[in-house]
Amino acid sequence: MSEQHQIIINGNEFSYEPGETILETARRNHIDIPTLCYLKGATPTGECRICVVEVEGARTLAASCATPAANGMIVRTESPKVVEARRLIIQLMLSSGNHNCAVRGSDSKDWTQFQLDVHQADSSSELCPVWGDCRLQDLAYRYQVSGERFPKTETVYPIESVNPFIVRDFSRCILCGRCVQACNEVQVNNAIHFGYRGASTKIIAAGDRPLKDSDCVFCGECVQACPVGALVEKDVRYRVRPRDTKKVRTTCGYCGVGCQMFLHVKDGKVVKVTGVEDVAPNYGSLCVKGRFGFDFISSPERLTVPLIKENGKFREASWDEALDLTAKKLGEIKEQHGPDSIGVLTSARITNEENYIAQKFARAVLKTNNVDHCARL
Amino acid sequence: MTNTIGCIEKADVILVTGSNTTENHPVLSASVKRAVSFRGARLIVVDPRNIKIAGFAHQRLRPNLGTDVAWINGMMHVIIKENLYDKTFVENRTAGFDELKKTVETYTPEHVEKITGIPAKQLADAARMYAEAQRGSILYCMGITQHTSGTDNVKSLANLAMLCGNLGIEGGGVNPLRGQNNVQGACDMGGLPNVFTAYQPVNSPDALKKMEGGWNVTGLSAKPGLKATEMIPAALEGKIKALYIIGENPLVSDPDLNHAEHCLKHLDFLVVQDIFLTETAKSADVVLPSACFAEKEGTFSNTERRVQRVRKAAEPPGQAKEDWKITAEISTRMGHPMSYSDTEAIFGEIRKVTPSYAGITYQRIEEEGIHWPCPNTEHPGTPVLHTAQFPIGKGKFHAVEWMPPAETADAEYPVYLTTGRVIYQYHTGTMTMKTGGLNERAPESFVEISPADGGKYGLRHGDLAEIASRRGSITARVQFSDKAADGTVFIPFHFAAAAANRLTNAALDPVSGIPEYKVCAVRLSKAA
Ligand code: SF4
Ligand code: SF4
Ligand code: SF4
């Protein structure tokens, strides 16, 4: 059976599952075919054509994300023809907007003018906000191309930053369509679409309105999906660079879905949150609370010292004093009124380990079963 | 959940009730929307409000508040009468069918229409749609449980699922969606007045002995304790003298808030351990600062019973400490030394006394969480419950009759109020309200009313309205919305400044102790 499902990629034979695309078979076997528009779980569009490969006997290069593997197919993923095609695509993309990372190239006069224009559009004198975290930039390095081959096309649409969470920079959009798929096929919020035609093509929310006045619920799936600097978290843009942060994987602290997320930490502070891709239960998705609702962690209103109330007013206390007082009071009340005169409310917010300790404390130390949490509230 | 989140996309019919899924469980709602949009699943949404997920539904039923048992019985009536139920499943896996059949006999669609307002034909169509599913999944949330009849509502949904053989299969199940991140874990860990970890009853001599052995103590109490909603009034009666509240803010989340405030004043001693000086913490005698989820190690158990890791990313501010360390120190100071090297050591102890967690280790859940029950380290975990049998052998049908809510609208309070959340805020807002953007999207409390009701009570969109119940009154801005049904208004409960729970009724479900947040009677007028 399986012998009928054989494909040769770069001279090696692999078996594939019927229905699998060339890209899927290759990736499963650790062959790196670059992609930009391809979004796992969504319908392949073949839009960007970066993933083209050479199929022996075919007249044109095939988009591997949209071409099913077939028996006996002979595929080359990095042949001169393929590399040539990819370089051209990258060059066109790089010249299509404000891609002011170092790979833009160009002679020095042009370069200076170009940077100045971009700085003005960005209101920042730094290089692109996703410098160092951009799939297009990665590809430009990988295929050693710059954008100078073609004149820079004019950017038609101004930056949109009138919502609290997401900056939409159309000048850096390569129209790959990942955000559209993320919004419509993954989160199914149906907020954004391709709008207008030809050189005026733009990703728009209904009626080309700002996101804040559309069906957008600010899940940020589009931001996570965007391969370039066209969609960036507002608080992150020009403030947080990946090289300055470390990522810690954890579980969301809001609802019971338990999304897996990375907390991006800079100087000891959580500054950004992203979804962990490829694992249950959320496969990279988050909602607005999980992705953007982290400011409370470093809020100046956090409690930092124990407090004791005296004459109706709080005063700061040492841990020893506060804990001694608590232990003494609970002990006295238990002594005087019996164990069942004390109640413990544990929490649906704290960890399993902490809930366990809290109920153990109520049962084994206070000797009461008056322990509950507010799940039902 | 009896099943997993992933299972939702394997269902061919999904019934969502009492869950504003897109706002309260957004990422899970995407599974529902994908199943409907791309996998041909059919969706039934039963909710008084015309919520967003209803826009994806093939059948949308809008029952009157507090009439859930009636429509569920009505559906079962149709399914039994038309012989659409799963006879093999009923015969082999269940008990009590005859009694159920007798009870639902009177719930004809016409009779049910009178109670619920759902047109008879629509109810019958929805019943057929659910019954014809190969894999029918039921998702529900607080809209089902926060009623005086909440336990009955849940039993009724279980009846419906068993009747159609939708338990113990992939893509099926009766799936409660947990509102807070670790509700599941708090319950699993014995944060309940009647059970130890893994739901071992405190009044079972065997369980008690086992825990005494495990903890190396004697004299554990076999008497089930008070529920949270009972502790607060018990303070007023003088039965509860001290409360130790960890990470909860009952002074916004409690029903009949004015009363709760009054009760807590009667305590001799209140200690509150939290990350912020919440409304509750303000009335404490001692406040202990704790670390938040990003500042500690441990595990959470999500709504699908998946035990997942929590990891420390930042240091707690100032002198704040992990909750377990604080509790352990109080314990030690009371003469019962408690010391653990780290949370993994605590988890090791949990595994010893908690059969359903016994096979889970930090190492095993490093990459992906495991669903309990997981009895040993070779066991892969249990994504779908009840595949071969129920814990009690046969699944028992609990025939239940519909009972009206504790408070109904009358001449003085002619409008129904229901409460819930909005997507941009969470619970009492102590966390979400620190993010400016979330406040910009949802800045203040509001009362969502239908334009028709607006006309009736002389209110326009944007007006400040006074909403009064028998227990209190608040002012909130009027929001006209097509989500609202005529005669029923909705207020989110997040906002302390206009706390919806100054209005809600503290009448409790007799079994679960859950208050009836979802129905009470109010009157509306323009605020002076
Ligand atoms: S934030 Fe979410 S809803 Fe808004 S456009 Fe992006 S994917 Fe769509
Ligand atoms: S905004 Fe980003 S994801 Fe969307 S089309 Fe443009 S480049 Fe692609
Ligand atoms: S990201 Fe949103 S959906 Fe996911 S667990 Fe957090 S609050 Fe729930």
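Values below: all heavy atoms of this structure, side chains included; hydrogens, waters and symmetry mates excluded. Quick caveat, the model's predicted, so the values are computed rather than measured. Throughout, a chain's letter reflects where its sequence line sits, starting with A, and its residues are numbered from 1.
- Neither the backbone nor the side chain of B/Asn216 comes within contact range of chain A; no heavy atom of the residue lies under 4.5 Å from a heavy atom of that chain.
- At a 4.5 Å heavy-atom cutoff, the contact between B/Val310 and chain A is made by backbone and side-chain atoms alike.
- Contact count versus chain B (heavy atoms, under 4.5 Å) is highest, among A/Gly258, A/Pro306, A/Cys259, A/Gly268, for A/Pro306.
- Residue contact with chain A, scored on non-hydrogen atoms closer than 4.5 Å, is absent for B/Leu177.
- Residues B/Ile246 and A/Ala358 share a closest heavy-atom pair of CD1-CB, 3.8 Å.
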Next item on the list: Quick one: do B/Lys33 and A/Asn189 satisfy side chain to side chain donor-acceptor pair (under 3.5 Å)? Show the steps, please.
Entry: CA-CA 9 Å; B/Lys33 293 186 282 184; A/Asn189 287 325; 2.9 Å; yes
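- The candidate with the highest count of non-hydrogen atom pairs below 4.5 Å against chain B, out of A/Cys287, A/Ser341, A/Ser298, is A/Ser341.
- In this structure a side-chain-to-backbone donor-acceptor pair under 3.5 Å is present from B/Asn181 to A/Arg349.
- With a threshold of 4.5 angstrom between heavy atoms, A/Phe294 approaches chain B through N, CA, C or O but not through any side-chain atom.
- Of all residues in residues 246-254 of chain A, those placing a non-hydrogen atom less than 4.5 angstrom from a non-hydrogen atom of chain B are A/Lys246, A/Val248, A/Arg249, A/Thr250, A/Thr251, A/Cys252, A/Gly253, A/Tyr254.
- For chain A, the nearby part of B/Met231 is the side chain; its heavy atoms alone come within less than 4.5 Å.
- Contact of the A/Pro164 side chain with the B/Arg441 side chain is registered, since non-hydrogen atoms from C-beta on lie closer than 4.5 Å.
- Neither the backbone nor the side chain of B/Ala234 has a heavy atom closer than 4.5 Å to any heavy atom of chain A.
- A donor-acceptor pair is defined here as one N or O able to donate and one able to accept, closer than 3.5 Å; such a pair exists between the side chain of B/Glu368 and the backbone of A/Ala280.
- For B/Val307, the part lying under 4.5 angstrom from a heavy atom of chain A is the side chain only.
- To the nearest 0.5 angstrom, A/Ser347 atom OG is 10.5 Å from B/Asn249 atom CG.
- Listed for the B/Asn182 side chain is a donor-acceptor partner under 3.5 Å among the backbone atoms of A/Ile350.
- Contacts of B/Ser331 with chain A are made by both backbone and side-chain atoms, with heavy-atom separations under 4.5 Å.
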Next item on the list: Using the side-chain contact (heavy atoms from CB on, under 4.5 Å) rule, take B/Ile5 and A/Val257 through it: C-alpha gap first, then chi angles, then the decisive distance, then the call.
Entry: CA-CA 8 Å; B/Ile5 295 169; A/Val257 176; 3.9 Å; yes
Next item on the list: In sequence, state the C-alpha distance, the side-chain angles, and the governing distance for A/Asn352 and B/Ser301, and then conclude on side-chain contact (heavy atoms from CB on, under 4.5 Å).
Entry: CA-CA 7 Å; A/Asn352 288 331; B/Ser301 300; 3.0 Å; yes
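- Side-chain N or O atoms of A/Trp319 include none that pairs as donor or acceptor with a backbone N or O of B/Ile326 at under 3.5 Å.
- Here B/Glu349 pairs with A/Lys360 under the salt bridge (Lys or Arg N to Asp or Glu O under 4.0 Å) rule; sequence neighbours left out.
- In this structure, the portion of B/Phe38 lying under 4.5 Å from any heavy atom of chain A is its side chain and not its backbone.
- With a 4.5 angstrom heavy-atom cutoff, B/Phe196 touches chain A via backbone and side-chain atoms both.
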Next item on the list: Would you check, one step at a time, whether the test side chain to side chain donor-acceptor pair (under 3.5 Å) holds for B/Thr299 with A/Glu353?
Entry: CA-CA 7 Å; B/Thr299 55; A/Glu353 291 77 358; 3.1 Å; yes
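- Taking CE from B/Met334 and CG from A/Leu366, the interatomic distance works out to 5.0 Å, rounded to the nearest 0.5 Å.
- In this structure, OG in B/Ser31 is found 9.5 Å from OH in A/Tyr283, a value given to the nearest 0.5 Å.
- Looking at A/Asp235, there are no atoms closer than 4.5 Å to chain B (heavy atoms on both sides), in backbone or side chain.
- Salt bridge annotation for B/Asp274-A/Arg302: absent, with no cationic side-chain nitrogen under 4.0 angstrom from a carboxylate oxygen.
- Annotation: salt bridge (Lys or Arg N to Asp or Glu O under 4.0 Å) contacts of A/Lys269 (sequence neighbours excluded): none.
- Between A/Pro281 and B/Gln308, the shortest heavy-atom contact is CD-OE1, 3.4 Å.
- For the set A/Asn163, A/Val188, A/Asn355, the entry with the most heavy-atom pairs within less than 4.5 Å of chain B is A/Val188.
- Remark: A/Phe361 CZ to B/Ile330 CD1 distance equals 5.5 Å, nearest 0.5 Å.
- Checked by atom type and distance alone, the side chain of A/Asp372 never pairs as donor or acceptor with a backbone atom of B/Lys227 at under 3.5 Å.
- Of the two parts of B/Met433, neither the backbone nor the side chain holds a non-hydrogen atom closer than 4.5 Å to a non-hydrogen atom of chain A.
- Using a 4.5 Å cut-off between heavy atoms, B/Glu322 contacts chain A through both its backbone and its side chain.
- The one candidate from B/Lys325, B/Gln273, B/Lys296 that meets the side-chain hydrogen bond (donor to acceptor under 3.5 Å, both in side chains) condition with A/Glu354 is B/Lys296.
- Evaluated for a side-chain hydrogen bond (donor to acceptor under 3.5 Å, both in side chains) with B/Lys223, the options A/Asn369, A/Asp340, A/Thr368 yield exactly one hit, A/Asp340.
- Using a 4.5 Å cut-off between heavy atoms, B/Thr332 does not touch chain A at all.
- Residue contact with chain A, scored on non-hydrogen atoms closer than 4.5 Å, involves the backbone of B/Ala222 exclusively.
- A donor-acceptor contact shorter than 3.5 Å is absent between the side chain of B/His336 and the backbone of A/Val365.
- Counting heavy atoms of neighbouring residues, nucleotides and ligands inside a 6.0 Å radius, atom CD of B/Glu367 does not exceed 12 of them.
- A donor-acceptor pair under 3.5 Å links the side-chain atoms of A/Asn370 to the main chain of B/Leu226, judged by distance alone.
- Both the backbone and the side chain of A/Val186 come within contact range of chain B, judged by heavy atoms closer than 4.5 Å.
- Contact tally against chain B (heavy-atom pairs below 4.5 Å) for A/Lys367, A/Arg363, A/Lys234, A/Gln187: the top residue is A/Arg363.
- Within the 3.5 Å criterion, the main-chain N or O of B/Gly298 finds no donor-acceptor partner in the side chain of A/Thr351.
- Here B/Phe293 contributes atom CZ and A/Leu263 contributes atom CG; the two are 5.0 Å apart, rounded to the nearest 0.5 Å.
- In this structure, A/Lys309 contributes its side chain and B/Ala284 its backbone to a donor-acceptor pair below 3.5 Å.
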Checklist line | Full working for side-chain contact (heavy atoms from CB on, under 4.5 Å) between B/Val183 and A/His373 | finding: CA-CA 8 Å; B/Val183 174; A/His373 64 283; 4.1 Å; yes
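- Contact of B/Arg306 with chain A is made through the side chain alone, with heavy-atom distances under 4.5 Å.
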Next item on the list: Carefully, step by step, assess A/Phe296 and B/Phe276 under the rule side-chain contact (heavy atoms from CB on, under 4.5 Å).
Entry: CA-CA 9 Å; A/Phe296 77 92; B/Phe276 288 110; 4.0 Å; yes
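- Against chain B, the residues from residues 324-334 of chain A that qualify, each with a non-hydrogen atom under 4.5 angstrom away, are A/Asp324, A/Leu325, A/Thr326, A/Ala327, A/Lys329, A/Leu330, A/Gly331, A/Ile333 in number order.
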